[in-house]
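Computation of the quantities below employed the complete heavy-atom set of this structure, encompassing side-chain atoms and omitting hydrogens, waters and symmetry-equivalent molecules.
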Amino acid sequence: MESLWSDSEAERFVERYAQQGENRDTALRVYTTRLLGGDPRLVLHGGGNTSVKTTAQDLLGDDVPVLRVKGSGWDMGDIEPAGLPAVRLEPLRRLQALDALTDEDMVNFQRGNLLDSASPNPSVETLLHAFLPHKFIDHTHSTAVLSLTDQPDGDDICLQVYGDRMGYVPYIMPGFDLAKSAAEFQAASPDVEGLILHKHGIFTFGETAQEAYERMIDAVTLAETRLQKGRKQVFVAARMPEQIAKLSEVAPVLRGLVADDLGADGWRRMVLDHRTGPEILNYVNGADVARYSQTGVVTPDHNIRTKNYPLLLPAPEQDGLAAFRESAEIALETYIADYRAYFERHNPRQKSPKTMLDPFPRVILVPGLGLFGVGADPKAASIAADIAENTVQTITDAEAIGVYECVPEDDMFDIEYWSLEQAKLGKGAEKPLARRVVAVTGAGGGIGSAIVQAFAREGASVVALDLDIAAATQAVDGIGGLALACDVTDPASVDAAFDAVCERYGGVDIVVSNAGAAWSGKIGEVDDDVLRQSFELNFYGHQNIARSAVRVMKAQGTGGALLFNASKQAVNPGPDFGPYGLPKSAALSLMRQYAIDYGADDIRANAVNADRIRSGLLDDTMIAARSAARGLSEVDYMGGNLLHREVRAADVADAFVFLAKAERTTAAIVTVDGGNIAAALR
């Protein structure tokens with residue numbers, strides 16, 4: 001591992017933050033914290049922490065000794081000074097004289113000594129930073145160091161690597177007890193450059209930001225060097241099927257597997273994040289994977305994101321999905337039963353009884369395919385997958401030089417159910433369509449873009465499908481969705497798009513078949529090619545989308561919703577508009593047929609009948625032409641309805657969102673046109 005320290009870059013940080021009133025210490029603390037947090041081999045998703053002992057002005061203008069320490073909820077990779085709350089240092093140090101301190105009192109005391117009460121909670125390891133004498137302190141969960149410590153003889157290995165350069169602290173749960181113990185070990189060997197925390201991580205110290213940072217880099221490099229010595233082959237591969245099933249076929253099965261059936265309240269769905277590659281496949285395909293993958297997490301604070309163990313499934317054979325599904329269901333039942341037993345074993349010894357968390361896995365290992373992170377949204381699934389990848393690397397290196405071993409199960413439980421760790425996850429109320437994956441066709445147009453935005457606001461993970469990939473990308477800009485090129489008139493293009501959605505998120509729950517275009521002409525005179533072209537888009541486009549969506553929804557087994565953009569032409573034809581109205585009439589019947597044929601699968605089919613929507617099918621040129629043909633102004637045409645109000649693309653989008661939420665509604669049509677009695681339906 002190489003040092004990324006740059007004198008010029010460090011000075012740029014000092015200059016930048018001086019303009020915000022921050023001192024040199026804080027600016028350099030931000031700089032090296034980002035260097036550490038930007039490397040996943042050192043820090044992942046809120047793990048690790050840093051601090052600096054400096055001064056800050058209080059409300060009275062007095063310079064006060066403070067500890068600037070990483071705050072809860074901040075990521076080291078992009079931290080700002082606000083993520084390093086200032087806590088009065090001397091009161092913190094006085095706590096070291098106590099014999100015991102509860103977590104609640106510790107948190108309360110730390111918050112009571114913040115210079116700014118609006119600051120985030122200081123790290124759960126704040127007292128460890130405070131009790132040590134050094135100015136700059138860095139803490140990471142280096143994969144290389146964990147590969148050394150996570151061994152039956154981890155302390156001996158580390159002693160051979162570091163000698164008296166480092167102190168060695170046995171595993172103690174973070175908090176007051178660990179802080180006191182670490183300070184005692186350091187005081188007994190005051191010249192050490194840092195501390196190795198058994199099966200937890202590493203601390204390094206320095207009087208400057210550069211010294212503490214580069215001591216971390218040096219220590220990790222020594223661990224990496226040791227891991228290259230005396231390596232044995234890992235892992236011997238198990239026998240695999242001749243052909244592995246496609247990822248796009250397996251993912252919906254897994255997504256349905258980990259969805260919790262809440263009965264009348266529907267499903268508690270999850271989103272998946274798939275990872276693969278030579279190292280991951282070497283790991284999941286190992287003949288001994290049932291041993292090393294089920295030992296436990298590499299550092300205890302990972303389990304709040306991944307639980308202690310992943311769900312291990314058999315390899316899925318091509319053309320053998322039915323057998324794979326059956327085996328996977330049995331494996332999940334066993335996993336849930338084991339988790340409940342784990343909870344029952346350890347809950348009775350808690351000072352205050354805990355409420356069991358949901359027993360579903362957050363990581364799934366599938367030989368032949370790789371691993372899957374599982375989460376309530378793409379971000380949570382990605383975090384779980386990142387940690388799982390980190391685990392693969394750590395355990396692979398640990399097994400290469402010895403035998404992987406982590407802290408005992410009771411310590412894992414204490415961390416998983418520790419309120420201070422759970423607080424890192426946040427407990428805000430979920431939005432109505434959270435955990436749903438929504439695909440929208442024609443997403444690059446005015447109505448399509450409005451639909452994408454409306455579903456994103458409701459908490460859904462959105463996929464924008466459009467013939468124009470640039471337009472689809474623009475539709476999801478700023479909301480973190482997925483953009484895919486898709487020609488709805490081409491069944492192969494549609495299937496490929498849904499395969500890509502399954503590979504990215506695991507499946508799909510709601511599909512808005514919105515793509516369409518208007519052709520006009522007298523029906524007895526229009527060219528057959530024009531009529532066929534309109535049917536390809538305005539009927540077969542809907543059929544291609546619905547057919548592929550149903551394939552995925554049935555594989556998931558958790559129901560779904562098919563939503564079609566209909567037209568008033570389907571029920572109230574206008575002159576010279578037959579080439580558009582006829583396929584739309586067929587599409588309306590198509591919606592009802594899907595409602596009939598797939599209602600037993602809990603797949604709903606509904607439609608929105610929208611009319612006279614600017615920025616939708618009617619562009620400004622068409623509006624002008626139709627207005628002139630009727631002898632109306634554009635304003636009168638657009639507002640020529642019972643309500644005398646122009647209907648917007650956002651109104652159509654809201655109707656689709658309404659139907660997506662209407663869990664007991666199918667085969668229905670919602671009209672959004674401001675009131676056209678000739679096109680009114682139920």
Side-chain angles (χ1 to χ4, degrees), residues 44 47 103 124-125 141 143 145-155 157 169-175 177-178 181 196-201 258 283-284 286 288-313 331-365 371 373-374 384 387-388 390-399 402-425:
L44 276 179
D103 293 334
V124 297
E125 289 172 319
H141 298 148
T143 56
V145 173
L146 288 170
S147 293
L148 300 185
T149 67
D150 289 11
Q151 304 273 351
D153 56 347
D155 284 344
I157 294 174
V169 183
Y171 178 79
I172 301 172
M173 183 172 167
D177 291 342
L178 175 59
S181 180
I196 301 294
L197 275 57
H198 188 59
K199 299 180 180 178
H200 176 162
V258 296
Y283 182 91
V284 300
D288 204 16
V289 65
R291 174 186 62 80
Y292 53 76
S293 74
Q294 303 298 300
T295 300
V297 293
V298 299
T299 186
D301 77 334
H302 282 180
N303 71 3
I304 64 169
R305 308 276 190 179
T306 65
K307 296 195 179 293
N308 292 341
Y309 317 104
L311 172 64
L312 176 61
L313 299 181
L332 179 64
E333 289 174 2
T334 301
Y335 184 97
I336 291 174
D338 288 346
Y339 187 87
R340 293 184 189 278
Y342 153 80
F343 180 81
E344 293 299 328
R345 280 196 300 275
H346 299 291
N347 192 40
R349 63 182 178 80
Q350 301 298 305
K351 293 180 180 178
S352 58
K354 308 296 184 182
T355 299
M356 191 180 77
L357 302 170
D358 86 76
F360 285 82
R362 294 300 186 269
V363 176
I364 304 173
L365 306 182
L371 63 83
V374 181
I387 292 174
N390 176 278
T391 299
V392 166
Q393 181 182 353
T394 303
I395 295 180
T396 298
D397 283 341
E399 288 280 316
V403 177
Y404 172 66
E405 178 185 87
C406 62
V407 302
E409 185 182 87
D410 55 349
D411 290 314
M412 294 291 192
F413 184 91
D414 291 342
I415 289 288
E416 182 177 4
Y417 281 86
W418 190 23
S419 60
L420 301 190
E421 284 291 285
Q422 286 295 322
K424 294 179 180 179
L425 301 180

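- With values rounded to the nearest 0.5 angstrom, Leu365 atom CG is found 5.5 Å from Ser293 atom OG.
- By the side-chain contact (heavy atoms from CB on, under 4.5 Å) test, Gln393 pairs with Arg41, Thr143, Glu279, Asp397, sequence neighbours left out.
- Between the side chain of Tyr339 and the main chain of Leu357, no donor-acceptor pair closer than 3.5 Å is present.
- Remark: side-chain polar atoms of Arg349 are paired, donor with acceptor, to backbone N or O of Asp410 under 3.5 angstrom.
- Rounded to the nearest 0.5 Å, atoms NZ (Lys199) and CG (Asp411) are 10.0 Å apart.
- Neither side chain, Gln294 nor Asn308, offers a donor N or O lying under 3.5 Å from an acceptor on the other.
- The backbone N or O of Lys354 sits less than 3.5 Å from a side-chain atom of Asn347, completing a donor-acceptor pair.
- Rounding to the nearest 0.5 angstrom, the gap separating the CD atom in Glu416 from the CG atom in Asp301 is 12.5 Å.
- Val374 is linked by a side-chain contact (heavy atoms from CB on, under 4.5 Å) to Val258, Met270, Leu272, Ile364, counting only residues two or more places apart in sequence or in another chain.
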Pair Arg291, Val403 - check side-chain contact (heavy atoms from CB on, under 4.5 Å), show working.
CA-CA 10 Å; Arg291 174 186 62 80; Val403 177; 3.9 Å; yes
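- For the pair Ser147 (side chain) and Thr394 (backbone), a donor-acceptor distance under 3.5 Å is present.
- Heavy atoms only, all atoms of each residue included: Val297 and His302 are closest at CB-CB, 4.1 Å.
- Across Gln151 and Leu148, no two heavy atoms sit closer than the pair CG-O, 3.2 Å.
- Residues satisfying the ring-ring contact (aromatic ring centres under 6.0 Å, His included) criterion with Tyr417, sequence neighbours excluded, are Phe343, Phe413.
- Not a single ring-ring contact (aromatic ring centres under 6.0 Å, His included) links Tyr309 to another residue, sequence neighbours left out.
- Side-chain contact check for Val124 versus Trp418: some heavy-atom pair is nearer than 4.5 Å.
- The side-chain contact (heavy atoms from CB on, under 4.5 Å) check on Leu178 picks up Glu125, Leu128, Val169, Ile172, Pro174, Leu197, His200, with sequence neighbours excluded.
- A search for side-chain contact (heavy atoms from CB on, under 4.5 Å) contacts involving Asp338 returns Thr334, not counting sequence neighbours.
- Closest heavy-atom contact between Leu312 and Ala331: O-CB, 4.1 Å.
- Taking every heavy atom of both residues into account, Val407 and Pro300 meet most closely at CG2-CG, 3.9 Å.
- From His141, atom NE2 reaches atom CG of Asn390 across 10.5 Å, with rounding to the nearest 0.5 Å.
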